[in-house]
Amino acid sequence: MDYKNTVNLLETEFPMRGDLAKREPLMLDKWYKEDRYNKLRKKCKGRKKFILHDGPPYANGDIHLGHAVNKVLKDIVVRSKTIAGFDAPYVPGWDCHGLPIEHKVEKDHGKNIPAKEFREKCRKYAKEQVEIQKKGFKRLGILGDWENPYLTMDYKVEADTVRALGEIYKNGYLQSGKKPVHWCIECGSALAEAEVEYQDKVSPAIFVKFKIVDKNIFKAFNGSIDNNLDVYAIIWTTTPWTLPANQAICVGHDIQYALVKAHNSYLLIAKDLVESVINQKENVDHEIVAITEGGKLEGFKSQHPFYTDRIVPIILGEHVTTDTGTGIVHTAPAHGIEDYQVGLKYKLEIHNPVGDDGSFISNTPLFAGLKVWAANAKVIETLDEKQALWSQSKLNHSYPHCWRHKTPLIFRATSQWFISMDVANHAGKTLRKQALESIDKTGFSPSWGRARLEAMIKNRPDWCVSRQRNWGTPMTFFVHRETGELHPDSYTILEQVAQKIENSGIDAWFDPELTGESLHIKDAVNYRKLTDTIDVWFDSGATHFSVLKRREELLSPADLYLEGSDQHRGWFQSSLLTGCAINGRAPYNHLLTHGFTVDENGHKMSKSKGNGIEPIEIMNQYGADILRLWVASSDYSGELSLSNEILKRTADNYRRIRNTLRFLLANLADFNFANDEVKLDDLVEVDKYALIRLHSVQDKVVNKLYASFQFHLAIQELVNYCSEDLGGFYLDILKDRLYTSKADCHARRSCQTVLYHLTKSLALMFSPILCFTADEVWETIQNDKSDSTLYHTYHQVPVIHDSEMLQYKWGQIEELRVIILKELENKRVEGVIGSSLQADLVIKAEEQLFEILSALGNDLKFVYMVSSVVIEKATTTDVTVIPSSNLKCERCWHYSDTVGSNHEHNTICNRCVENVVGNGEIRQFA
RNA sequence: GUUUCUAUAGUUCAGUAGGUAGAACAUCCGCUUGAUAAGCGGCAGGUCGUAAGUUCGAGUCUUGCUAGAAACACCA
């Protein structure tokens, strides 16, 4: 008789190899045909909501690894929350306005396109990009409302973005002001940072003397000083034309300044730069007579070098260095960002004498009508006449140029709109204060996010929200032609306009037919339409207002915003500010950030280095589940590193998981839970122990690790569990029972009952990460091709009584197993045995362990996978391995003295006879 | 340059209140051939980025340095 046919070797449709690259797309087709997202929404109706609000990626270009990491993390959150019993809708979004798209369209169609047509082309381009990215995200297995995403260029969203600005205006935060921007004289317009390129340029470099008019400055110094001599602070500049706009000279608080006697006057220069400045001229006798620190110079007045009616103060600035120049910086707030910022601090006038065409306006003394470049020479000449020039030379340095004209740019103050950080609202609170208070109430993962955001809010300047662009949400205000004031009815006018935008998009505002008159605003003739657009960060920052509040299935504040750490400066902040300015609080309760992707050496990925890896390539080679597993295995609080080796290791882990699940499914192929379940109290003891372990692992993974978004610890716990608890212990010792006991006997049904719980629990626990594989398992175990893990909550693992006692007992048994395995290995190395079933075991054990082991009786040998065990009471624990002298049972491979004792079945043992022709063996413990 | 971070075996990660460094995977060796392009066992792998300091004692606390990341700024 061929006893092989009497062994329960089962087959499963669940393939060993995932073949994910090929099969995932087929699964996706099915999922979308079944409309699983909407089906899920119906099933979740009435549950507590969990809102993860999607930060909109910019609609330009194929998805890269960073996108993939971000979306996969979001998906793991959404899926794990869903399975934990929440209603967790996910509405993906896209950021559609803005410069990069304008550039792309300009590049493809030229730049002399009428504005309306230009915007149409931008809209069309953005739409195409959205579709491309959407396809990639869906391929990743991201679950979401892909049929109805939100786009910042949706008419409704555009209208609500306008309304959001209206609310901020109503609450008193919107202000006009001047700010220096990169200005191209040829374009006659402001340039964005991205349109600026740096090229070398030769500029005049001049040292200029500012006479200090306040003799009290000597009190800042110690030393013997001649009070009758004049003091000149020397500044250095490479843009002489900015001197007409000079409002101050700036020193560093901690920098040492020297009073240098030369040419019968005193010069003020940073101590470290004295020689280099004096040496601009030849043979100057000089002597340092006193030293002081910059902090003591604050407030003293000096005389502007050529405008005699202008007295400018010495101020302190953090940007002052002693690398070059004199350690004293000429400050023209209209012509430099740092000058502007320090100017705000000291309330300096932002005086901009330069017109749109780059020439000085008509009321500028000395230089009216001159182009700034021509003015350079004239300024130098004037300084020389006034004897305010110490020296001049040329400097070749890197300087900003227009990327179109390749001509040098200037910094020039222009009228802009700001959301003010420091103006108190009706309740007496500034936006900065509200934002800081909101940060306090927000949760952060990792926790340092709070400090980072806080530092940024504390230091940030007012938010300049106006842009001189075409493809953006318009600032739908009317301003007075002369005063520049907003129309008194702005709030109601804005709502009128918003309604039009809701119907026909932002073009409604740019339509020349839309005028103050056509809207019947008061005093229309004296008001003009603003042509500025809003900073695109405002669009996305206001989505709590334009999306969360508007869509029925969503809520504001959201439970969670989840983005890369760069968004502390970006979306987290723009959302916080609009949230506070509109509603007085942050639009989120918790912020979670992840790092960026780097290679195995921790270097960022870039095309030029050639160390980049494309998500599409990973999915085509390994499959989305591998990519997802990599994301889940990484500690995303720092950088996520990826290389071919890391991918291979990830695929190794995947195979282990998959094979464990396959083994479970295969051994459940003849098991029907409804009919074959063994009641808890009747389970074989080691099966109870396995359930206890499963319960504890699930509790940790679900309630501790998933709940705190520590996915890498969850996956580690799960993989360890599959390897250690299951592969290395439970499943290994179960094989004998599964294969050799009678198919429908209690012993076998007992462990199948546990395998059933195991499979369901594991499939659900893996499903937030391995969404494809888990559902593949799920269809098999449920025997229902249209079921999904998504439609279920975490498995209810049965609770075993006396779990502590059983854990202790089996813990002891497992500990001894380690010693036994080592001893078996020793004998294997000696060549005494091969398979552990060739061994008989003699265990010497202390009293307590002896009792535990003895209680298992005949079942103990199955735990240690040997042919027989003899236990002896002793004072110390000891294990002896003896090769069995019995015959090997052809069927169960145990060595037994009963082999041959049955005449009809003389090649198998009595246990097997019972299992083949009897009622099946009895197992109580293992 | 500033701010906020990161740095533990080949790889991914643990390391809780400072007390002789852990896991999994991979490598290597062996067993098995009834999870088989699988499974099981065993050995080996680390001066915890670096240098000081605090301490009886530091991967764990402090400081400097180096390398890497993000954001911001700058070249007057």
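Residue numbering restarts at 1 for every chain, and letters A, B, ... go by the order of the sequence lines. For clarity, every value in this text was computed on a predicted model and none was experimentally measured. Below, all heavy atoms of this structure are taken into account, side chains as well, without hydrogens, waters or symmetry copies.
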Practice problem: Would you name the heavy atoms of Ser867(A) and Lys861(A) that are closest together and state the gap between them? | Solution: O-CD, 3.3 Å
Quiz item: Want to settle it: does Lys822(A) or Gln838(A) sit nearer the 5' end of RNA chain B, counting the closest nucleotide to each?
Solution: Gln838(A)
Quiz item: Between Glu645(A) (CD) and U27(B) (C1'), how many Å, whole number?
Solution: 10 Å
Exercise. Validate the cation-pi geometry between Arg452(A) and Phe444(A): distance from NZ or CZ to the six-membered ring centre under 6.0 Å, angle to the ring axis within 45°.
Key: no
Quiz item: Taking atom P in both G15(B) and C61(B), what distance in whole Å separates the two?
Solution: 13 Å
Quiz item: What integer number of Å spans the P atoms of U55(B) and G42(B)?
Solution: 45 Å
Practice problem: Scan His568(A) against the nucleic acid and name what it touches under 4.0 Å (heavy atoms): base, sugar-phosphate only, or nothing. | Solution: nothing
Quiz item: Is any side-chain N or O of Glu825(A) under 3.5 Å from a base N or O of G42(B), one able to act as donor and the other as acceptor?
Solution: no
Quiz item: With a 4.0 Å cut-off on heavy atoms, is Asn659(A) in touch with a base, just the backbone sugar-phosphate, or nothing at all?
Solution: base
Quiz item: Given pairs defined as Watson-Crick or G-U wobble with both distances under 3.5 Å, what dot-bracket annotation applies to RNA chain B, with ( ) intrastrand, [ ] crossing, | other strand and . unpaired?
Solution: (((((((..((((........))))..((((.......))))......(((((.......))))))))))))....
Practice problem: May I ask you to check whether over 12 heavy atoms, not counting those of Glu830(A), lie within 6.0 Å of atom CD? | Solution: yes
Quiz item: What distance, rounded to whole Å, do you find between the two C1' atoms, one in G18(B) and one in C74(B)?
Solution: 43 Å
Self-check item: Pairwise P distance, G22(B) and G68(B) [rounded to whole Å]
Solution: 33 Å
Quiz item: Taking side chain as C-beta onward, heavy atoms only, is Phe663(A) less than 4.5 Å from Asn667(A)?
Solution: yes
Exercise. Report yes if some heavy atom in the side chain of Thr740(A) is under 4.5 Å from a heavy atom in the side chain of Trp893(A); otherwise report no.
Key: no
Quiz item: Aromatic ring centroids of His894(A) and Phe862(A) under 6.0 Å?
Solution: yes
Quiz item: Between Ser643(A) and Glu645(A), is any side-chain donor less than 3.5 angstrom from a side-chain acceptor?
Solution: no
Quiz item: Looking for any heavy atom pair under 4.0 Å, which part of the strands does Thr660(A) touch: base, sugar-phosphate only, or nothing?
Solution: base
Practice problem: Can you tell me the distance, in whole Å, between the CZ atom of Phe711(A) and the P atom of U12(B)? | Solution: 20 Å
Quiz prompt | Any side-chain donor near an acceptor of the partner, Thr593(A) and Tyr636(A), under 3.5 Å | solution = no
Quiz prompt | Glycosidic conformation of G59(B), taking syn as within 90° of 0 and anti otherwise | solution = anti
Quiz item: OH of Tyr864(A) versus P of C40(B): gap in Å, rounded?
Solution: 19 Å
Practice problem: Have a look at Ser634(A) and say if it touches a base, only the backbone sugar-phosphate, or nothing, with a 4.0 Å heavy-atom cut-off. | Solution: sugar-phosphate
Practice problem: Return the orientation label for the Phe411(A) and His182(A) ring planes: parallel under 30°, perpendicular over 60°, tilted otherwise. | Solution: tilted
Quiz item: Which part of the nucleic acid, if any, lies within contact of Val829(A), taking any heavy atom under 4.0 Å across all strands shown: a base, the sugar-phosphate backbone alone, or nothing?
Solution: nothing
Quiz prompt | Atom-pair distance (CD1 on Ile733(A); C1' on G34(B)), nearest Å | solution = 17 Å
Quiz item: Hey, are Asp732(A) and Lys735(A) close enough for a salt bridge, meaning a charged N less than 4.0 Å from a carboxylate O?
Solution: yes
Quiz item: How long is the line joining CG of Asp635(A) and C1' of A14(B), in whole Å?
Solution: 11 Å
Quiz item: At under 4.0 Å between heavy atoms, what does Arg655(A) touch on the DNA or RNA strands: base, sugar-phosphate, or nothing?
Solution: sugar-phosphate
Practice problem: Determine whether the side chains of Asp535(A) and Trp463(A) contain a donor N or O and an acceptor N or O closer than 3.5 Å. | Solution: yes
Quiz item: What is the nucleic acid contact for Gly834(A), judged by heavy atoms within less than 4.0 Å: base, sugar-phosphate only, or nothing?
Solution: sugar-phosphate
Self-check item: Span that lies between the C1' atom of A44(B) and that of U2(B), in whole angstrom
Solution: 47 Å
Quiz prompt | Earlier contact from the 5' end, RNA chain B, for Phe663(A) and Lys735(A) | solution = Phe663(A)
Exercise. Using the C1' atom on both, measure U33(B) against G39(B) and round to a whole Å.
Key: 9 Å
Exercise. Mind checking Gly728(A) for me? I need base, sugar-phosphate or nothing, with any heavy atom below 4.0 Å counting as a touch.
Key: sugar-phosphate
Shorter than 3.5 Å, N or O on both sides, protein versus nucleotides 65-68 of chain B: list them out with atom names.
unit_1 : atom_1 : unit_2    : atom_2 : d
G68(B) : O3'    : Gly602(A) : O      : 3.4
G68(B) : O2'    : Gly602(A) : O      : 2.2

Could you write out each protein N or O paired with an N or O of nucleotides 1-4 of chain B at a distance under 3.5 Å?
none

Practice problem: Considering only atom C1', compute the distance from G59(B) to A14(B) and round it to an integer number of Å. | Solution: 12 Å
Quiz item: Touch check for Arg658(A), heavy atoms < 4.0 angstrom, all strands: base, sugar-phosphate only, or nothing?
Solution: nothing
Practice problem: Would you indicate what Leu821(A) reaches in the nucleic acid, counting non-hydrogen atoms under 4.0 angstrom: base, sugar-phosphate, or nothing? | Solution: sugar-phosphate
Exercise. Assign the ring pair Phe207(A) / Trp236(A) to parallel, tilted or perpendicular, where the plane angle (0 to 90°) is split at 30° and 60°.
Key: tilted
Exercise. Check whether more than 12 heavy atoms from other residues, nucleotides or ligands sit under 6.0 Å from atom NZ of Lys700(A), and answer yes or no.
Key: no
Quiz item: Counting any heavy atom closer than 4.0 Å, what does Leu713(A) reach on the DNA or RNA strands: base, sugar-phosphate only, or nothing?
Solution: sugar-phosphate
Exercise. Give Trp893(A) one of three labels, base, sugar-phosphate or nothing, depending on what nucleic acid heavy atoms sit under 4.0 Å from its own.
Key: base
Quiz item: Say you pick atom C1' in U4(B) and the same atom in A73(B); how far apart are they, in whole Å?
Solution: 15 Å
Quiz prompt | Spacing of Phe766(A) atom CZ and Asp625(A) atom CG [to the nearest 0.5 Å] | solution = 11.0 Å
Quiz prompt | Value in whole Å for how far the P atom of U11(B) lies from CG of Asp599(A) | solution = 12 Å
Quiz item: In whole angstroms, how far is the P atom of A23(B) from the CD atom of Gln716(A)?
Solution: 12 Å
Exercise. Mind telling me whether Phe671(A) and Tyr756(A) have parallel, tilted or perpendicular rings, with 30° and 60° as the class edges?
Key: tilted
Exercise. Please work out if Glu724(A) contacts a base, only the sugar-phosphate, or nothing of the nucleic acid, heavy-atom cut-off 4.0 Å.
Key: sugar-phosphate
Quiz item: Nearest-Å distance, NE2 (His330(A)) to P (C75(B))?
Solution: 12 Å
Quiz item: So what does Arg649(A) hit on the nucleic acid, given a heavy-atom distance under 4.0 Å: a base, only sugar-phosphate, or nothing?
Solution: base
